[in-house]
Amino acid sequence: AHELSIAVQVFPFGSDQLLLLAQDVTDLQKTEAMRRDFVANVSHEIRTPLTVLIGFLETMQSIELSAEQRNRYLSLMMTQSSRMKSLVEDLLTLANLEANTSFAPMQEFDVKAEMASLKIDAEALSAGRHKIIFDVLTDTALYGERRELHSAFSNLISNAIRYTPEGGQITVSWSLSPSRHGIFSVTDTGPGIDAVHLPRITERFYRVDGSRSRDTGGTGLGLAIVKHIATRHNAQLLITSVVGEGSTFKLRFAPERLI
Ligand code: ADP
């Protein structure tokens, strides 16, 4: 169902006439509601780790801890602090991307070399828990902004690794489609994503399973960032997924972005 919001203004016009001005403010109200949701989400995401941190600090102030307990507390506090740091970093990245809606500059980006360094990072993150395959099927390079492209690629790979249970497989490839589009693809054998979630999955803070996603160390902003970067690079983010089998995330770059 579509709800329409109309703002009506009345102006006296001449001696016995009125001018009625009706304006469709549906989009305006939607934007305002989204802004309010966003602020509420950010506050919640920051307050949660802060509450945990303060709890630990209070305990440490009030009771004498053994060296072992103290180390455990410190490492838990480190985890919460790192989470807040990632969140703030992702928020800044997103704010910069949203402020800058123009197309990304045309710097040369060597995808083949990038794939080699992504592979090293992926293996470190997986720490031997997954089978990781990298396929470079074309020498084609890209025109774009290096940091952004790296951030988009590594976000998709780290999601695949974080959501795929031990023993699963992650396949990353760079290829050229028959229509001469550049395809960066990440396939995992993880839990998959139900089709009902797919249309909203790139929204800020949208999570399929809130607690699981937070436990895996996500900020809920990764795919929103990837989507913005894709748009700035004349690319589409395509997602296909089967629950229980896995997901494929593709970035499809227009021919004018290829070298
Ligand atoms: P998060 O930081 O929570 O991972 P993202 O924006 O990167 O945030 O992803 C949004 C949500 O999409 C995640 O919370 C998760 O539920 C789902 N998701 C993303 N990538 C995958 C994947 N490879 N497999 C299964 N679910 C995924």
Side-chain angles (χ1 to χ4, degrees), residues 86-126 132-138 140-164 170-177 181-188 190 193 198 200-207 213 216-241 247-259:
S86 314
L87 178 63
V88 171
E89 281 167 357
D90 277 1
L91 281 169
L92 284 173
T93 303
L94 200 57
N96 283 330
L97 286 168
E98 285 178 350
N100 187 355
T101 50
S102 54
F103 284 108
M106 301 286 268
Q107 297 166 358
E108 282 191 32
F109 184 75
D110 181 349
V111 183
K112 201 172 171 182
E114 168 73 1
M115 289 286 276
S117 100
L118 287 170
K119 185 165 187 240
I120 294 170
D121 295 347
E123 276 159 359
L125 185 61
S126 160
I132 294 180
I133 299 166
F134 271 69
D135 277 335
V136 183
L137 302 167
T138 173
T140 308
L142 271 175
Y143 282 121
E145 212 278 320
R146 286 185 201 98
R147 265 169 318 164
E148 287 184 25
L149 288 170
H150 172 76
S151 158
F153 293 169
S154 59
N155 254 302
L156 294 180
I157 296 171
S158 75
N159 274 354
I161 293 173
R162 285 189 296 113
Y163 291 109
T164 302
I170 320 289
T171 310
V172 182
S173 68
W174 171 240
S175 61
L176 211 54
S177 77
H181 285 72
I183 312 283
F184 177 82
S185 164
V186 181
T187 298
D188 64 53
I193 303 159
L198 288 183
R200 298 196 57 195
I201 201 138
T202 59
E203 286 176 21
R204 303 176 295 194
F205 295 119
Y206 188 84
R207 289 171 168 124
S213 159
T216 59
T219 62
L221 298 172
L223 290 179
I225 290 173
V226 173
K227 181 81 186 286
H228 272 286
I229 295 173
T231 308
R232 266 168 54 73
H233 285 83
N234 314 80
Q236 288 167 291
L237 174 62
L238 308 169
I239 310 169
T240 47
S241 191
S247 313
T248 296
F249 287 76
K250 281 185 184 158
L251 286 169
R252 182 175 181 266
F253 292 90
E256 63 262 32
R257 280 283 169 181
L258 306 182
I259 307 169

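All residue numbers refer to positions in the sequence shown, counting from 1.
- With sequence neighbours excluded, the residues that form a side-chain hydrogen bond (donor to acceptor under 3.5 Å, both in side chains) with Thr187 are Thr248.
- Ser151 is listed as a side-chain neighbour of Ile229, based on a closest heavy-atom distance under 4.5 Å.
- Annotation for Tyr143 and His233: closest pair O-CD2, 4.0 Å, computed over non-hydrogen atoms.
- Nearest heavy atoms, Leu176 versus Thr138: N-CG2, 3.9 Å.
- Leu87 has its side chain within reach of Leu221: a pair of non-hydrogen atoms, C-beta onward, lies under 4.5 Å apart.
- When all heavy atoms of Ser154 and Leu118 are compared, the pair lying nearest together is CB-CD2, 3.9 Å.
- Under the salt bridge (charged side-chain N to carboxylate O under 4.0 Å, His left out) criterion, Arg147 pairs with Glu145, sequence neighbours left out.
- Listed by chain and number, the residues in a ring pair (Phe, Tyr, Trp, His ring centres under 6.0 Å) with Phe184 are Phe153 (sequence neighbours excluded).
- Side-chain contact check for Leu94 versus Asp90: every heavy-atom pair is 4.5 Å or farther apart.
- Within the model, atoms CZ of Phe134 and OG1 of Thr171 stand 9.5 Å from one another, a figure rounded to the nearest 0.5 Å.
- Rounding to the nearest 0.5 Å places CD1 of Ile157 at 8.0 Å from CG of Asp121.
- Applying the side chain to side chain contact (heavy atoms under 4.5 Å, CB included) test between Ser173 and each of Asp135, Val136, Val186 identifies Asp135 as the sole match.
- Contacts of Arg252 classified as salt bridge (charged side-chain N to carboxylate O under 4.0 Å, His left out), with partners at least two apart in sequence or in another chain: none.
- A salt bridge (Lys or Arg N to Asp or Glu O under 4.0 Å) check over residues 226-238, counting only residues at least two apart or in different chains, returns the pairs Glu148-Arg232.
- Looking only at distances, a side-chain donor or acceptor of Trp174 sits under 3.5 Å from a matching main-chain atom of Thr140.
- With sequence neighbours excluded, the residues forming a side chain to side chain contact (heavy atoms under 4.5 Å, CB included) with Leu198 are Ile193, Ile239, listed by chain and number.
- Between Ala160 and Ile170, the shortest heavy-atom contact is O-CD1, 3.6 Å.
- Applying the salt bridge (Lys or Arg N to Asp or Glu O under 4.0 Å) test to every pair with at least one member in residues 97-117, sequence neighbours left out, gives these pairs: Glu98-Arg204, Lys112-Asp139.
- Inter-residue side-chain proximity for Thr202 and Val226 is flagged as unmet; no heavy-atom pair is nearer than 4.5 Å.
- Using a 4.5 Å heavy-atom threshold, the side chains of Leu251 and Leu156 count as touching.
- Taking CD1 of Ile132 as the reference point, atom CD1 of Ile120 lies at 12.0 Å (rounded to 0.5 Å).
- Legend: residues meeting ring pair (Phe, Tyr, Trp, His ring centres under 6.0 Å) with Phe249, ordered by chain and number and at least two apart, are absent.
- A heavy-atom distance below 4.5 Å is not found between the side chains of Leu223 and Asn155.
- Partners of Ser158 according to the side-chain hydrogen bond (donor to acceptor under 3.5 Å, both in side chains) rule, which considers only residues two or more places apart in sequence or in another chain, do not exist here.
- Within the 3.5 Å criterion, the main-chain N or O of Ser247 finds a donor-acceptor partner in the side chain of Asp188.
- Between Ile259 and Leu142, every side-chain heavy-atom pair lies at or beyond the 4.5 Å cut-off.
- Thr231 pairs by the side-chain hydrogen bond (donor to acceptor under 3.5 Å, both in side chains) definition with nothing, not counting sequence neighbours.
- Remark: Ser177 pairs with Ser179, His181, Ile183 by the side chain to side chain contact (heavy atoms under 4.5 Å, CB included) rule, at least two apart or across chains.
- Scanning for side chain to side chain contact (heavy atoms under 4.5 Å, CB included) contacts around Asn234 gives Phe103, Ala254, Glu256, Arg257, with sequence neighbours left out.
- Judged by distance alone, with hydrogens and angles left aside, the side-chain atoms of Ser126 form no donor-acceptor pair with the main-chain N or O of Ala122 at under 3.5 Å.
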